[in-house]
Amino acid sequence: MGALRDLLNWRSLRWKTALLVAVCCCAVALTVGTLVHSSTLTRSMNDGGAKAVATLARHLEDYERGGVPPPGLHTGPGELPDELLQRLRDRRDAGRGDVTWYEEPGPGDHPSMWAARTYRGEPVAVDIDMTADLLTRRALDRHMWKYSLVVLAVVVPVSALAAELPHRRLRRVARTARRIELGDLTARTGDGRGKDEITAISATVDSMADSLHQRLLTEQRFTADVAHELRTPLMGLVTASGLLPEGEATELVQDRVRVLRALVEDLLEISRLDAGAERSEPRRVPLAEAVLESLQRAGLETRITTQDARCAETDPRRLDRIVTNLVVNAHRHGHAPVEVTVTGTAVTVRDHGPGFPHELLTGGPRRFRTGTPERGRGRGHGLGLTIALGQAKVLGASLSFVNAPDGGAVATLRLPAAD
């Protein structure tokens, strides 16, 4: 279906190339046809005029010998067309001899070529039939148009087929670029043929993918190294904060240590997700019960509704992580009430706050970006939704983010159903 839609897409390079070839062929055919028609008409007029003048001279010779005008020789002004007489007068005033005039075909398509001169003070003329010449020129015009259309009917499809190879290579480059855009930095065009512009574009796309992949690996290694290096001193901080005497300052220190510990754990989890080190251990899980347990562990006031809930084939530990992050994010950045709905094998988390920012809806969650000030209120690190999306990919599930028409953010997790 996609191939047919691409074939019928008149904006594609294939049809633009065919259209350009068709326009060029039409321009060439029109130019050549016009030149041939003009040249043939000029030659026909010259040949017809010469033939008429020769006929006039021969008739006058017969007239001289016999004293009687031969058939076909017009000797009176009333027998000559007005246009021919006017030309004869103009030529006589200029001191010249014979004149010719082509009489255009009338309703019967029988044109004539006239030749006239002044003989013994009176105009004389002959006319020869040019019908055969006219039919020959019309037949030539018809043949030129017919064969031009035949050539056009052959050249345009051939040009479209010839454009298919570069068009196919460009489609491969576009598919590779889309895969890279979707996060597959291992995608490559693999087009090393030739030295044309498409090869240069393919090489640039592959080079860009290599560079992005290398930068991503560097970033992943940096995140993992930082998180690992922070764990040791962090555990010392956790132990030391537990030994502090009770008091308001101690509670503040312990709260900040807990936040720092959660941040480091989140960074480690993200580094594992980025490196593809996480592996799912799916099993049959009653979805409504698993979600209810996650909400109870979260300890946040959340309403849950079930509608025809089913069992899902998923990893309960990762499912708990996703649901907890979505609910915590809804409470932290949205407004109450926060509602969770389990329908079939889908889990929907909704709040009644300002909704997700436009950047998140169009580009997905980004780490260390909490969205607009109205939604984020400056809290959090923007890692919760990033982790939820990464864990959903590990589960083979989909996680989508939209805003409700009447306000509020809506996150929907769709899990594969159990057999």
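Residue numbers run from 1 in the order of the sequence given.
Shortest non-hydrogen contact noted between V126 and G72 is CG1-O, 3.5 Å. The two residues P123 and L88 come nearest to each other via the heavy atoms CB-CD2, 3.4 Å. Smallest separation of non-hydrogen atoms from A115 and V53: CB-N, 3.7 Å. Nearest approach of A52 to I128, heavy atoms of both residues: N-CD1, 3.8 Å. Between A116 and L80, the shortest heavy-atom contact is CB-CD2, 4.5 Å. Scanning both residues, F356 and V402, for their nearest heavy atoms gives CD1-O, 3.4 Å.
Side-chain atoms of S211 do not come within 3.5 Å of backbone N or O of M208 as any donor-acceptor pair. Between the side chain of T345 and the backbone N or O of L415, at least one donor-acceptor pair lies under 3.5 Å. Side-chain atoms of R318 come within 3.5 Å of backbone atoms of R279 as a donor-acceptor pair (strictly under, hydrogens ignored). Side-chain N or O atoms of H74 include none that pairs as donor or acceptor with a backbone N or O of A125 at under 3.5 Å. Listed for the H143 side chain is a donor-acceptor partner under 3.5 Å among the backbone atoms of A139.
D210 is not listed as a side-chain neighbour of Q214, based on a closest heavy-atom distance of 4.5 Å or more. In this structure the side chain of V285 never reaches within 4.5 angstrom of the side chain of D315, judged on heavy atoms. For the pair T348/L413, no side-chain contact is recorded, criterion being any heavy-atom separation below 4.5 Å from C-beta on. No side-chain heavy atom of Y63 sits less than 4.5 Å from a side-chain heavy atom of V124. Here the side chains of L287 and L319 are in contact, with some heavy-atom distance below 4.5 Å. Within the 4.5 Å cutoff, side-chain heavy atoms of L395 are placed close to those of I322. Side-chain contact between M130 and L134 is absent, with no heavy atoms from C-beta onward closer than 4.5 Å. Side-chain contact between Q86 and W101 is absent, with no heavy-atom pair separated by less than 4.5 Å.
With R169 as reference, T199 is the one residue of T199, T189, I201 to meet the side chain to side chain contact (heavy atoms under 4.5 Å, CB included) rule.
Under the side-chain contact (heavy atoms from CB on, under 4.5 Å) criterion, V155 pairs with V21, C25, V151, not counting sequence neighbours. Residues satisfying the ring-ring contact (aromatic ring centres under 6.0 Å, His included) test with H59, not counting sequence neighbours, are none. With sequence neighbours excluded, the residues satisfying salt bridge (Lys or Arg N to Asp or Glu O under 4.0 Å) with R350 are D406. Contacts of R43 classified as side chain to side chain donor-acceptor pair (under 3.5 Å), with partners at least two apart in sequence or in another chain: none. With sequence neighbours excluded, the residues that form a side chain to side chain donor-acceptor pair (under 3.5 Å) with R179 are D184. Under the rule for a side chain to side chain donor-acceptor pair (under 3.5 Å), the partners of R297 that lie at least two apart in sequence or sit in another chain are D320. With sequence neighbours excluded, no residue forms a ring-ring contact (aromatic ring centres under 6.0 Å, His included) with Y102.
Side-chain contact of D351 with H333: a donor-acceptor pair under 3.5 Å is absent, judged by distance alone.
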Contacts under 3.5 angstrom, residues 302-309 side chains, donor-acceptor by atom type, not counting sequence neighbours:
residue : atom : partner : partner atom : Å
T302    : OG1  : L300    : O            : 3.3
T302    : OG1  : H331    : NE2          : 3.0
R303    : NH2  : E339    : OE2          : 2.3

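Atom CD1 in I387 sits 11.0 Å away from atom CG in L389 (nearest 0.5 Å). T100 contributes atom OG1, which lies 14.5 Å from atom NZ of K51 (distance to the nearest 0.5 angstrom). Here the CG-CG distance, from L73 to L56, works out to 6.5 Å after rounding to the nearest 0.5 Å. In this structure, the separation between CG on D98 and CZ on R87 is 13.5 Å, given to the nearest 0.5 Å. One finds the CZ atom of R317 at 9.0 Å from the OG atom of S280 (value rounded to the nearest 0.5 Å). Note that CG of D129 is 11.5 Å distant from CE of M113, once rounded to the nearest 0.5 Å.
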Yes or no on side chain to side chain contact (heavy atoms under 4.5 Å, CB included) for D127 and E103, after CA distance, side-chain angles and deciding distance? CA-CA 9 Å; D127 65 301; E103 184 179 15; 6.0 Å; no
Before giving the answer on side chain to side chain contact (heavy atoms under 4.5 Å, CB included), spell out for V323 and V340 the whole-Å C-alpha distance, their side-chain angles and the decisive distance to 0.1 Å. CA-CA 9 Å; V323 173; V340 176; 5.6 Å; no
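For residues 276-297, no pair satisfies ring pair (Phe, Tyr, Trp, His ring centres under 6.0 Å), with sequence neighbours left out. Note on residues 144-155: no pairs pass side chain to side chain donor-acceptor pair (under 3.5 Å), not counting sequence neighbours. Identified under the salt bridge (Lys or Arg N to Asp or Glu O under 4.0 Å) test for residues 53-62, with sequence neighbours left out: D62-R65. Note on residues 29-40: pairs passing side chain to side chain donor-acceptor pair (under 3.5 Å), not counting sequence neighbours, are H37-D141.
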